[in-house]
Enquirer: 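One structure is given below, represented as structure tokens, and several questions about it will come after.
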Amino acid sequence: MKKIITLALATLVSIVLAAQTQIDNLYFNLNDDDNTATLTYKASNMYKGIVEIPETVEFNNKTYTVTSIGENAFGYYCKEVTSVTLPATITTIESNAFYDCKALTTITLPENIKTLGNFIFNGSGITSLTIMSKTAPQIGEKTFKNFTTSNVTLTVPAGCKSEYEKNETWKSFKEIVELKNENEEEKENDDDNGGGNEPTPTAINSVTNALNIAIAGKTVSVANVDEFAVLDVTGNIIGKGSKVTVPHSGIYFIVAGKKTAKIYVK
């Protein structure tokens, strides 16, 4: 009987490992029934540093849409992950997804997020959580169990604070802050430029030193710079790398070495 159980477990493990598909530096479980992909992990090759997850991945001439972050995807061992960029296609984050990610202090969940699993941030360094969905994601009794929400600032879309305050768990966060809507952002930008009628700029350079910045959609790049950081107006790091995609329109700061710039992303 013991041999049968051992063999069954070995077979199960081999099936799980076989299901993992490495694409670039990420691991996925691919579903051929609906052409979706779930980000997963490989115990021998934990994620570190900056992780940018694409909206789609290609494998064997097929395109898969990345719709979920799998159970334990960053959990338990990914203590050196500093930044995770989630694509707009993500709808589900499964249990323990960011468990023990101690170096991860801020994260943005995209507008299509619908469901959050259990213990997703336990043991992490999260102090700032932004959710772009106008409808509060579905959570369970254990989503934030043993996680001190009173230490975390929750940022939600403009006009959606009351939506999140309907739930006692969301209300338990340190504070709920609404993002500015586009009209407010444009007015603030006009005020910064003396209130003139000039078109809203895509980059306002030279807070301290000029940088050669390019913005395509919501993706920021800097010429002749290997790595830079993007910070929001509260000073939280949105992302680092050679390219950074910001979660929404607004004002951001670029830091590259000793050079800094302020930008406005439409």
Side-chain angles (χ1 to χ4, degrees), residues 15-78 80-101 103-104 106-121 124 126 129-140 143 157 216-221 230 237-248 265:
I15 290 173
V16 171
L17 292 177
Q20 291 180 337
T21 301
Q22 182 176 0
I23 301 175
D24 295 326
N25 295 319
L26 303 175
Y27 294 89
F28 296 93
N29 289 334
L30 304 178
N31 188 331
D32 287 321
D33 292 334
D34 58 5
N35 293 335
T36 60
T38 297
L39 183 84
T40 183
Y41 69 98
K42 187 173 183 180
S44 61
N45 190 18
M46 291 287 102
Y47 301 122
K48 297 180 180 180
I50 300 164
V51 181
E52 296 185 10
I53 304 168
E55 290 191 355
T56 60
V57 291
E58 303 284 335
F59 186 73
N60 285 346
N61 296 319
K62 290 185 66 174
T63 300
Y64 298 83
T65 301
V66 182
T67 58
S68 60
I69 305 301
E71 185 172 352
N72 298 321
F74 295 93
Y76 294 104
Y77 303 108
C78 297
E80 297 179 37
V81 169
T82 56
S83 172
V84 177
T85 301
L86 303 176
T89 51
I90 293 292
T91 60
T92 303
I93 297 178
E94 298 180 11
S95 297
N96 305 317
F98 299 99
Y99 198 110
D100 216 22
C101 289
L104 186 65
T106 182
I107 192 168
T108 297
L109 309 187
E111 60 185 338
N112 291 315
I113 191 71
K114 291 180 173 59
T115 307
L116 305 180
N118 296 329
F119 308 112
I120 60 172
F121 294 128
S124 73
I126 293 293
L129 172 63
T130 299
I131 303 180
M132 300 305 297
S133 174
K134 294 182 179 180
T135 302
Q138 180 179 345
I139 58 177
T143 296
K218 289 183 172 56
T219 299
V220 182
S221 60
V230 178
I237 297 176
I238 299 299
K240 296 180 180 178
S242 58
K243 291 184 178 180
V244 176
T245 300
V246 299
H248 52 78
V265 179

Enquirer: To the nearest 0.5 angstrom, please state how far the OH atom of Y64 sits from the OG1 atom of T56.
Expert: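 The OH atom of Y64 sits 12.0 Å away from the OG1 atom of T56.
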Enquirer: Considering only residues two or more places apart or on different chains, which pairs with a residue in residues 109-120 satisfy salt bridge (charged side-chain N to carboxylate O under 4.0 Å, His left out)?
Expert: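 Sorted result for residues 109-120: empty, none.
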Enquirer: Considering all heavy atoms of both residues, which atom of S83 and which atom of G239 are nearest to each other, and what is their separation?
Expert: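 The answer is OG-CA, 3.6 Å.
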Enquirer: Checking L30 against V57 for the side-chain contact (heavy atoms from CB on, under 4.5 Å) test, could you report, in this order, the C-alpha distance in whole Å, the side-chain angles of both residues, the deciding distance, and whether it holds?
Expert: CA-CA 10 Å; L30 304 178; V57 291; 4.3 Å; yes
Enquirer: Short question: side chain of T130, backbone of T108 - any donor-acceptor pair under 3.5 Å?
Expert: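 A pair under 3.5 Å: no.
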Enquirer: Atom CG of N96 and atom CZ of F121: how far apart are they, to the nearest 0.5 Å?
Expert: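 Reported to 0.5 Å precision, the distance equals 12.0 Å.
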Enquirer: Can you check whether Y27 and Y41 have ring centres sitting under 6.0 Å from each other?
Expert: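 They do not qualify: ring centres at least 6.0 Å apart.
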Enquirer: Which value, rounded to the nearest 0.5 Å, describes the distance between F28 atom CZ and I23 atom CD1?
Expert: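 One finds 5.5 Å between CZ of F28 and CD1 of I23.
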Enquirer: Would you please test T92 and T67 for side-chain contact (heavy atoms from CB on, under 4.5 Å) and show each step?
Expert: CA-CA 7 Å; T92 303; T67 58; over 6 Å; no
Enquirer: Verify, without hydrogens or angle tests, whether E94 (side chain) and E71 (backbone) share a donor-acceptor contact under 3.5 angstrom.
Expert: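 Yes: the side chain of E94 pairs with the backbone of E71.
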Enquirer: Quick one: does any side-chain atom of N112 pair with a main-chain N or O of T91 as donor and acceptor, under 3.5 Å?
Expert: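 No; judged by distance alone, with no hydrogens or angles, the pair does not exist.
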Enquirer: Begin with the C-alpha distance, continue with both residues' side-chain angles, and end with the deciding distance and a verdict on side-chain hydrogen bond (donor to acceptor under 3.5 Å, both in side chains) for S68 and T38.
Expert: CA-CA 5 Å; S68 60; T38 297; 2.7 Å; yes
Enquirer: Compute whether any side-chain donor of one residue and acceptor of the other, for T63 and E58, lie under 3.5 angstrom apart.
Expert: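 The answer is yes; a qualifying pair exists.
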Enquirer: So, T245 and T219: side-chain donor and acceptor under 3.5 Å apart, yes or no?
Expert: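 Note: T245 and T219 side chains meet the donor-acceptor criterion.
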Enquirer: Between N60 (side chain only) and K62 (backbone N and O only), is there a donor and an acceptor less than 3.5 Å apart?
Expert: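 Checked: no pair found.
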Enquirer: When rounded to the nearest 0.5 angstrom, what distance separates OG1 in T85 from CD1 in I90?
Expert: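 One finds 11.5 Å between OG1 of T85 and CD1 of I90.
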Enquirer: Which label fits F74 and Y47: parallel for a plane angle under 30°, tilted from 30 to 60°, or perpendicular past 60°?
Expert: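 It falls in the tilted class, 30° to 60°.
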Enquirer: Kindly say whether G117 contributes a backbone atom to a donor-acceptor pair with the side chain of T143 at under 3.5 angstrom?
Expert: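 Flag set: sc T143 to bb G117 pair under 3.5 Å.
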Enquirer: Which heavy atom of P110 sits nearest a heavy atom of A88, and at what distance?
Expert: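 In terms of heavy atoms, the two residues are closest at CB-CA, 3.7 Å.
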Enquirer: Can you sort out the partners of D34 under salt bridge (Lys or Arg N to Asp or Glu O under 4.0 Å), two or more places apart, ordered by chain and number?
Expert: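 None.
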Enquirer: Just so I know, are the side chains of I120 and N118 near enough to count as touching, which here means a heavy-atom distance under 4.5 Å?
Expert: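 The answer is no, as the side chains (C-beta and beyond) never meet within the 4.5 Å cut-off.
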Enquirer: Do you know the tightest heavy-atom contact between K240 and E52?
Expert: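 It is O-OE2, 4.0 Å.
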Enquirer: Would you name the heavy atoms of L26 and P54 that are closest together and state the gap between them?
Expert: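 Residues L26 and P54, closest heavy atoms: CD1-CD, 3.7 Å.
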Enquirer: Output the distance between atom CD1 (I113) and atom CD (Q138), rounded to the nearest 0.5 Å.
Expert: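 Rounded to the nearest 0.5 Å, the CD1-CD separation comes to 11.0 Å.
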Enquirer: Can you name the nearest heavy-atom pair linking T106 to I237, along with the distance?
Expert: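 Answer, listing the atom of T106 first, then I237: CG2-O, 2.8 Å.
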Enquirer: Can you tell me if CD on E80 sees more than 12 non-hydrogen neighbours from other groups inside 6.0 Å?
Expert: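 No, CD of E80 has 12 or fewer neighbouring heavy atoms, counting only those of other groups under 6.0 Å.
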Enquirer: Under the side-chain contact (heavy atoms from CB on, under 4.5 Å) criterion, do Y99 and N72 qualify, and how do the steps go?
Expert: CA-CA 7 Å; Y99 198 110; N72 298 321; 5.5 Å; no
Enquirer: For T40 and N29, indicate whether the former's side chain and the latter's backbone hold a donor-acceptor pair under 3.5 Å.
Expert: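 No, the answer is negative, given that no donor and acceptor are paired below the 3.5 Å cut-off.
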Enquirer: Looking only at heavy atoms, which two atoms of P247 and I238 are closest? And how far apart?
Expert: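 Scanning both residues completely, I find the closest heavy atoms to be CD-CG2, 3.8 Å.
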Enquirer: Is any side-chain heavy atom of I93 closer than 4.5 Å to a side-chain heavy atom of T115?
Expert: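 Answer no - side chains too far apart.
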Enquirer: Quick one: which of L116, L39, L109 gives a side chain to side chain contact (heavy atoms under 4.5 Å, CB included) with I69?
Expert: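 Output: one option passes, namely L39.
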Enquirer: Is there a side-chain contact (heavy atoms from CB on, under 4.5 Å) between V230 and V246? Walk through the geometry before answering.
Expert: CA-CA 8 Å; V230 178; V246 299; 3.9 Å; yes
Enquirer: So how far is it from L104 CG to T82 OG1, rounded to the nearest 0.5 Å?
Expert: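 Between L104 CG and T82 OG1, I get 8.0 Å after rounding to 0.5 Å.
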Enquirer: Please say whether more than 12 non-hydrogen atoms of neighbouring residues, nucleotides or ligands are located less than 6.0 Å from CG in D24.
Expert: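 Check fails, neighbour count at 12 or below.
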